[in-house]
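Note that the coordinates shown come from a computational prediction; the quantities given were computed from them, not determined experimentally.
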Amino acid sequence: MTENEKERLVRRYAAGEVTWRDLRGQGFHNYVEVLGKLGELGLRQPVAPMTGPNVEARQRGRAMLREALKAHK
């Protein structure tokens, strides 16, 4: 895969158009590589929508992280 192809795929990933599974199928073998490419391009990783059966668990987890960060200040 060329660098241009990797960049195009990572841009699509950041936009939520493709998944990590899709990236693996296209030749990315390590998520650190994806994170690095996102950083190079000034992009952020996509965030899953707050829908579905795990919303409450995700909200609790986020609240726990917020509290831990507040305590750390």
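Applying the side-chain hydrogen bond (donor to acceptor under 3.5 Å, both in side chains) test to pairs two or more places apart or on separate chains, none has a residue in residues 59-69. The ring-ring contact (aromatic ring centres under 6.0 Å, His included) pairs that include a residue from residues 51-73 number zero, where partners must be two or more places apart or lie in different chains.
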Indicate every side-chain donor-acceptor pair of residues 41-54 with a distance under 3.5 Å to a residue at least two apart or in another chain.
none

List the atom pairs, donor and acceptor, that lie under 3.5 Å between side-chain atoms in residues 1-14 and the rest of the protein, sequence neighbours left out.
from	atom 1	to	atom 2	distance (Å)
T2	OG1	E5	N	3.1
T2	OG1	E5	OE1	3.3
E3	OE1	K37	NZ	2.7
E5	OE1	T2	N	2.8
K6	NZ	E33	OE2	2.8
E7	OE2	R11	NE	3.3
E7	OE2	R11	NH2	3.4
R12	NE	E17	OE1	3.2
Y13	OH	Y31	OH	2.8

Donor-acceptor list for residues 21-28 side chains, cut-off 3.5 Å, not counting sequence neighbours:
from	atom 1	to	atom 2	distance (Å)
D22	OD2	T19	N	2.8
D22	OD2	T19	OG1	3.1

